[in-house]
Amino acid sequence: MAEWVYTTRRMMLVDERRSIAAALSEATGALSRLLSGEITSYNLGHWSITRSHEDLEKLQKWISAQRVRLDEIDCLLTGRPMRKVSTCVYTSPAFVRWGWPI
């Protein structure tokens with residue numbers, strides 16, 4: 001007789017967090033070794049990374065995206081609200097009207 005497998009959302013989040021944390025630690029280690037010149041290329045699963053500027057920039061963006069996802073999972077697991085991500089908007093002085101009537 002087959003045993004019923006019961007998976008909750010929390011269990012799925014814990015598994016996802018564990019896999020993301022492992023991949024993130026491997027990626028940060030690869031990035032530090034690539035930047036120090038210890039190695040010239042690295043394979044992360046199906047992804048081959050060299051010391052070229054494009055590959056390093058892509059890896060840094062991936063690392064930052066995974067850190068944000070890790071923070072989201074932590075917030076979901078602990079019940080805290082998600083962190084606020086703000087965007088700075090530049091307002092040109094040319095768009096400001098001086099001498100408005102008071």
Side-chain angles (χ1 to χ4, degrees):
M1 187 166 154
E3 184 176 317
W4 175 263
V5 177
Y6 181 72
T7 304
T8 62
R9 171 109 170 112
R10 182 174 183 78
M11 292 167 66
M12 290 171 39
L13 286 172
V14 168
D15 288 342
E16 183 181 356
R17 187 192 186 294
R18 189 178 302 122
S19 66
I20 289 175
L24 193 58
S25 67
E26 185 177 354
T28 53
L31 181 64
S32 67
R33 284 181 278 181
L34 284 168
L35 289 175
S36 69
E38 184 179 332
I39 57 175
T40 57
S41 66
Y42 197 84
N43 290 329
L44 286 173
H46 64 281
W47 190 13
S48 178
I49 303 163
T50 60
R51 291 181 61 190
S52 68
H53 180 69
E54 295 84 19
D55 284 350
L56 292 177
E57 186 175 305
K58 187 176 175 183
L59 180 60
Q60 288 173 343
K61 286 181 182 179
W62 184 84
I63 287 173
S64 65
Q66 295 306 311
R67 285 184 178 153
V68 168
R69 178 63 184 149
L70 208 57
D71 288 343
E72 290 174 359
I73 292 173
D74 286 341
C75 289
L76 288 172
L77 290 175
T78 59
R80 292 183 292 129
M82 298 259 210
R83 68 180 180 165
K84 304 285 186 198
V85 179
S86 62
T87 305
C88 295
V89 178
Y90 173 73
T91 304
S92 173
F95 297 132
V96 178
R97 293 184 65 191
W98 299 103
W100 279 51
I102 297 178

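In this text, all values refer to a predicted model and were calculated from it rather than measured experimentally. Only this structure's heavy atoms are used, side chains among them; waters, hydrogens and symmetry mates stay out. Just so you know, residue 1 is the first one in the sequence shown, and it goes up from there.
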Hey, could you give me the [atom1]/[atom2] distance between [X] and [Y], rounded to the nearest 0.5 Å?
X: R69; Y: D74; atom1: CZ; atom2: CG; answer: 10.5 Å
X: L31; Y: D55; atom1: CG; atom2: CG; answer: 11.5 Å
X: Q66; Y: E72; atom1: CD; atom2: CD; answer: 10.0 Å
X: I63; Y: Q60; atom1: CD1; atom2: CD; answer: 7.0 Å
X: S64; Y: L24; atom1: OG; atom2: CG; answer: 10.0 Å
X: R17; Y: L76; atom1: CZ; atom2: CG; answer: 12.0 Å

> Is it true that K61 and E57 make a salt bridge, defined as a side-chain N closer than 4.0 Å to a carboxylate O?
Replying inline: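 Salt bridge between K61 and E57, a charged N being under 4.0 Å from a carboxylate O: yes.
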>> Looking at D15 and R18, is any side-chain nitrogen of the basic one under 4.0 Å from a carboxylate oxygen of the acidic one?
In response: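 Salt bridge between R18 and D15, a charged N being under 4.0 Å from a carboxylate O: yes.
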>> Please evaluate residues T50 and T40 with respect to the criterion side chain to side chain contact (heavy atoms under 4.5 Å, CB included), reporting the C-alpha separation (whole Å), side-chain torsions for both, the decisive distance (0.1 Å), and the verdict.
In response: CA-CA 6 Å; T50 60; T40 57; over 6 Å; no
> Under the side chain to side chain contact (heavy atoms under 4.5 Å, CB included) criterion, do T28 and R67 qualify, and how do the steps go?
Replying inline: CA-CA 11 Å; T28 53; R67 285 184 178 153; 3.6 Å; yes
> Taking R33 for the side chain and E38 for the main chain, is one N or O donor matched with an acceptor at less than 3.5 Å?
Replying inline: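 Judged by distance alone, no pair lies under 3.5 Å.
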> Any side-chain heavy-atom pair from L44 and L59 closer than 4.5 angstrom?
Replying inline: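 The answer is yes, as the side chains (C-beta and beyond) meet within the 4.5 Å cut-off.
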> I73 and L13: which non-hydrogen atoms are nearest, and at how many Å?
Replying inline: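 Closest approach of I73 to L13: CG2-O, 3.7 Å.
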